[in-house]
*Asks:* 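Dropping the structure in here first, questions after.
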Amino acid sequence: MHLDCALSLRTTHADNHHNRGNALYATSRHPEAVAAFTTALTLQPTDTESYFNLGNAFDKMGHARDAAGAFTTVLRLAPNDAAAAYNLANALKVDGKLDEALFWYRGALNADPTDVSKVH
């Protein structure tokens, strides 16, 4: 993988790990994507994109609670992120926390009432 070459040159560059995570996620290598996003976050702990993508990778692995934790962190850092609120609601629904899920579905609508269809 070409990103592995880039990482060998700049191992402390968070964006390289984030991009590697995206490539791994795109090829359904979700556990490896989780590791890459986690490394990116150790280097840049306030990166909402890495937390968001980490949540998506956990979701693909069927780890609803871990996904919810990642999306919760996104919302702590970016309270009006409609996509994170929607994905958190989905993770909570899967985990059987329906009242909490409803709260976050409403949060997603409030954050972007014009187009919730674009959140995923």
*Asks:* So do the side chains of M61 and V34 get within less than 4.5 Å of each other, counting heavy atoms only?
*Replies:*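 Yes. Closest side-chain heavy atoms under 4.5 Å.
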*Asks:* Would you indicate whether the side-chain heavy atoms of N90 and Y105 approach each other to under 4.5 Å?
*Replies:*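 Heavy-atom side-chain distance check passes, below 4.5 Å.
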*Asks:* Taking only residues at least two apart or on different chains, which pairs with a member in residues 57-76 satisfy side chain to side chain donor-acceptor pair (under 3.5 Å)?
*Replies:*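 Matches after skipping sequence neighbours: R65-D95.
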*Asks:* So how far is it from L92 CG to K97 NZ, rounded to the nearest 0.5 Å?
*Replies:*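 Nearest 0.5 Å value for the CG-NZ distance: 6.5 Å.
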*Asks:* For a 4.5 angstrom cut-off between non-hydrogen side-chain atoms, does H13 reach L43?
*Replies:*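 Sidechains of L43 and H13: no contact.
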*Asks:* Tell me, please, which residues at least two apart from Y25 pass side-chain hydrogen bond (donor to acceptor under 3.5 Å, both in side chains).
*Replies:*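 Not a single residue meets the side-chain hydrogen bond (donor to acceptor under 3.5 Å, both in side chains) criterion with Y25.
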*Asks:* How long is the gap from NE2 on H30 to CZ on F58, to the nearest 0.5 Å?
*Replies:*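 So the NE2 of H30 and the CZ of F58 are separated by 12.0 Å.
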*Asks:* Under 4.5 Å between side-chain heavy atoms, counting indirect links through other Ile/Leu/Val/Met/Phe/Trp/Tyr residues: same cluster for Y86 and L102 or not?
*Replies:*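 They do not share one cluster, since no chain of ILVMFWY contacts under 4.5 Å joins Y86 to L102.
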*Asks:* What side chain to side chain donor-acceptor pair (under 3.5 Å) pairs are there with at least one residue in residues 40-52, not counting sequence neighbours?
*Replies:*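 For residues 40-52, and leaving out neighbouring residues, the side chain to side chain donor-acceptor pair (under 3.5 Å) pairs sorted by first residue read H18-S50, D47-S50.
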*Asks:* In Å and rounded to the nearest 0.5 Å, what is the CG to CG distance from N53 to N22?
*Replies:*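 If I round to the nearest 0.5 Å, the distance is 5.0 Å.
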*Asks:* If you look at every heavy atom in A67 and G55, which pair is closest and at what distance?
*Replies:*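 Between these two residues, the closest heavy atoms are CB-O, 3.4 Å.
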*Asks:* Are L77 and L88 connected in a single hydrophobic cluster, I mean Ile/Leu/Val/Met/Phe/Trp/Tyr linked by side-chain heavy atoms less than 4.5 Å apart?
*Replies:*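 Same cluster.
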*Asks:* Supply the atom-to-atom distance N56 CG to F52 CZ, rounded to the nearest 0.5 angstrom.
*Replies:*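 It comes to 4.5 Å.
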*Asks:* Between CG of N87 and CH2 of W104, what distance do you get to the nearest 0.5 Å?
*Replies:*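 Reported value, rounded in 0.5 Å steps: 12.5 Å.
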*Asks:* Taking all atoms of both residues into account, what is the closest heavy-atom pair of G21 and A33, and its distance?
*Replies:*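 In this case the closest contact between G21 and A33 is O-CB, 3.5 Å.
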